[in-house]
Undergrad: 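Got a structure for you, written out below as structure tokens; questions coming shortly.
The figures here come from the full heavy-atom set of this structure, side chains too, leaving out hydrogens, waters and symmetry mates.
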Amino acid sequence: AFGQQEKLVDSMALVVGGSASITAIAAARLGLRVALAAAIGDDAAGNFMLAELARAGVDTSGVTVRAQLPTGMTVALSRGEDRAILTAEGAIPTLTTADVPPDLLSRTRHVHVSSYFLLEQTLGPGLPALLAAARAAGASTSLDTNWDPSGAWGAGFFPDVLAQADLLLPNEAEALRIAGASALPDAVASLTRAGGAIAVKLGARGAIYADRNGQCLATPPPVSPVDTTGAGDCFNAGLLAGLLRGSDPADALALGCAAGAASTLGIGGTASSPELAAALALARDVTVRPWP
């Protein structure tokens, strides 16, 4: 709230931010070999991000540095399961498919796209062809659009992007808006009609996975969240790690819920993201059943 009055908070921390970066670090903790393509500035925040990503074992050779722009930054005010988010985009929306190294893409078995709507006008135009090329080379693909600050929820080439995504990873509110639906079953039906799969994040209620073979709901283990920032990104990493390990969708969904739940036990999205053994152990406490 504005008004020139100082407010006190419990704590502040400088942590890794950005959906793609949180997903990358969480996936590396779960045993995957991970590389990140992104755009940052030549500044202290960019140097911090490169150092933290490298420390987590993420290949940063695909990160482009824009000397004249600042690194994108977010202030997240977190309270229990709710948060307010202010983002200054900086170099984030300058990323294009030309910045994705072809040799990196050619040796990748899965391509995950984060924060699509922040990159829609730059990365978006070339993204259908990039994802199609990855799929033609044998890779699978996934897309987490995150929230659309413009409120447009897809235009122009967005249907072509969706058509090249094997797995869509929205939260409940995003799924409803992308599908233009008022009820979640209708949104899930609409977004799986083209033949792809969808995993919808429901916060503390768990997550739904649906494809042409059926639908299931995973209920996560009970936790007392400290900070939910990045939980959805850690869920993404867990689900993808499960699928890439060869697990069936139900078991992969359980691993995603375990990774997401564990991540809420620390400040920021990566402080508590679990290693594989811990995530697998926690996944045994996840209940998966048919949905709806």
Side-chain angles (χ1 to χ4, degrees), residues 16-24 35-43 45-46 49-50 53 60-76 84-102 104-105 108 110-136 139 141-171 173-181 187 190-191 194 196 198 230 232-233 236:
V16 168
S19 178
S21 295
I22 294 172
T23 301
L36 176 70
I40 61 172
D42 184 12
D43 53 18
M49 288 294 294
L50 287 175
L53 287 160
T60 60
S61 62
V63 176
T64 299
V65 178
R66 309 287 194 214
Q68 305 305 316
L69 291 172
T71 299
M73 296 185 72
T74 289
V75 175
I85 301 172
L86 297 172
T87 295
E89 294 178 297
I92 293 171
T94 68
L95 187 74
T96 71
T97 53
D99 295 312
V100 181
L104 188 61
L105 193 65
T108 297
H110 184 85
V111 179
H112 176 68
V113 181
S114 295
S115 300
Y116 170 81
F117 287 123
L118 295 184
L119 303 162
E120 187 170 25
Q121 300 307 312
T122 51
L123 185 70
L127 193 55
L130 183 148
L131 294 179
R135 295 173 82 190
T141 59
S142 57
L143 171 67
D144 189 347
T145 65
N146 299 111
W147 193 257
D148 185 0
S150 75
W153 295 98
F157 30 76
F158 183 55
D160 296 330
V161 174
L162 281 180
Q164 296 298 333
D166 296 312
L167 176 61
L168 180 64
L169 292 154
N171 64 29
E174 293 158 358
L176 292 172
R177 284 164 175 79
I178 292 169
S190 173
L191 294 171
I198 184 171
D233 304 314
N236 292 348

Undergrad: Any chance you could measure Leu162, atom CG, to Ile178, atom CD1, to the nearest 0.5 Å?
TA: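 Answer rounded to 0.5 Å: 7.0 Å.
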Undergrad: If you look at every heavy atom in Arg135 and Ala163, which pair is closest and at what distance?
TA: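 Smallest interatomic distance, heavy atoms only, reads NH1-O, 3.1 Å.
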Undergrad: Would you mind writing out the side-chain donor-acceptor pairs for residues 65-75 within the sub-3.5 Å range, not counting sequence neighbours?
TA:
{"residue": "Arg66", "atom": "NE", "partner": "Thr94", "partner atom": "OG1", "Å": "2.9"}
{"residue": "Arg66", "atom": "NH2", "partner": "Thr94", "partner atom": "O", "Å": "3.0"}
{"residue": "Arg66", "atom": "NH2", "partner": "Asp99", "partner atom": "OD2", "Å": "2.7"}
{"residue": "Thr71", "atom": "OG1", "partner": "Gly41", "partner atom": "N", "Å": "2.9"}
{"residue": "Thr71", "atom": "OG1", "partner": "Gly41", "partner atom": "O", "Å": "3.4"}
{"residue": "Thr71", "atom": "OG1", "partner": "Asp43", "partner atom": "OD1", "Å": "2.6"}
{"residue": "Thr71", "atom": "OG1", "partner": "Gly46", "partner atom": "N", "Å": "3.1"}
{"residue": "Thr74", "atom": "OG1", "partner": "Thr87", "partner atom": "OG1", "Å": "2.7"}

Undergrad: Is any side-chain heavy atom of Asn146 less than 4.5 Å from a side-chain heavy atom of Leu118?
TA: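 A side-chain contact under 4.5 Å is absent here.
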Undergrad: I'd like to check the ring pair (Phe, Tyr, Trp, His ring centres under 6.0 Å) partners of Tyr116; sequence neighbours left out, ordered by chain and number.
TA: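 Scan of Tyr116 (ring pair (Phe, Tyr, Trp, His ring centres under 6.0 Å), adjacent residues dropped) gives Phe158.
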Undergrad: When Asp144 is tested against each of Asn171, Leu167, Leu168, Leu169 for side chain to side chain contact (heavy atoms under 4.5 Å, CB included), which residue passes?
TA: Leu169
Undergrad: Would a 4.5 Å heavy-atom cut-off, applied to side chains only, mark Val113 and Leu131 as touching?
TA: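 Contact flag for Val113/Leu131 side chains = yes.
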Undergrad: How far apart are the closest heavy atoms of Ala165 and Leu143, and which atoms are they?
TA: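 Smallest heavy-atom distance, with atoms named: CB-CB, 4.0 Å.
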Undergrad: Under 3.5 Å, is there a donor-acceptor pair between the side chain of Thr64 and the main chain of Ala39?
TA: no
Undergrad: Do you know the tightest heavy-atom contact between Pro125 and Thr122?
TA: CD-O, 3.4 Å
Undergrad: If the condition is side-chain contact (heavy atoms from CB on, under 4.5 Å), which residues does Gln121 pass it with, not counting sequence neighbours?
TA: none
Undergrad: Working to the nearest 0.5 Å, report the span between CD1 of Ile198 and CG of Asp166.
TA: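 So the CD1 of Ile198 and the CG of Asp166 are separated by 13.5 Å.
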Undergrad: Using every non-hydrogen atom in the two residues, find where Leu191 and Ala175 come nearest and quote the distance to one decimal.
TA: CD1-O, 3.9 Å
Undergrad: Minimum heavy-atom separation for Gly124 to Val161, with atom names?
TA: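 Smallest interatomic distance, heavy atoms only, reads O-CG2, 4.2 Å.
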Undergrad: Identify the heavy atoms of His110 and Ser142 that sit nearest to each other, and give their distance.
TA: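 Taking His110 first and Ser142 second, the nearest heavy atoms are NE2-OG, 2.7 Å.
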Undergrad: Considering only heavy atoms from C-beta outward, does the side chain of Asp148 approach that of Arg177 to under 4.5 Å?
TA: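 Asp148 does not reach Arg177 side chain to side chain.
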Undergrad: State, with a plain yes or no, whether a side-chain heavy atom of Leu36 is found less than 4.5 Å away from one of Thr60.
TA: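 Heavy-atom side-chain distance check fails, nothing below 4.5 Å.
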Undergrad: So, taking the atom named CD1 in Ile22 and the one named CG in Asn236, what distance separates them when rounded to the nearest 0.5 Å?
TA: 10.5 Å
Undergrad: To the nearest 0.5 Å, what is the distance between OG1 (Thr145) and CG (Leu119)?
TA: 11.5 Å
Undergrad: Short question: side chain of Thr141, backbone of Gln164 - any donor-acceptor pair under 3.5 Å?
TA: yes
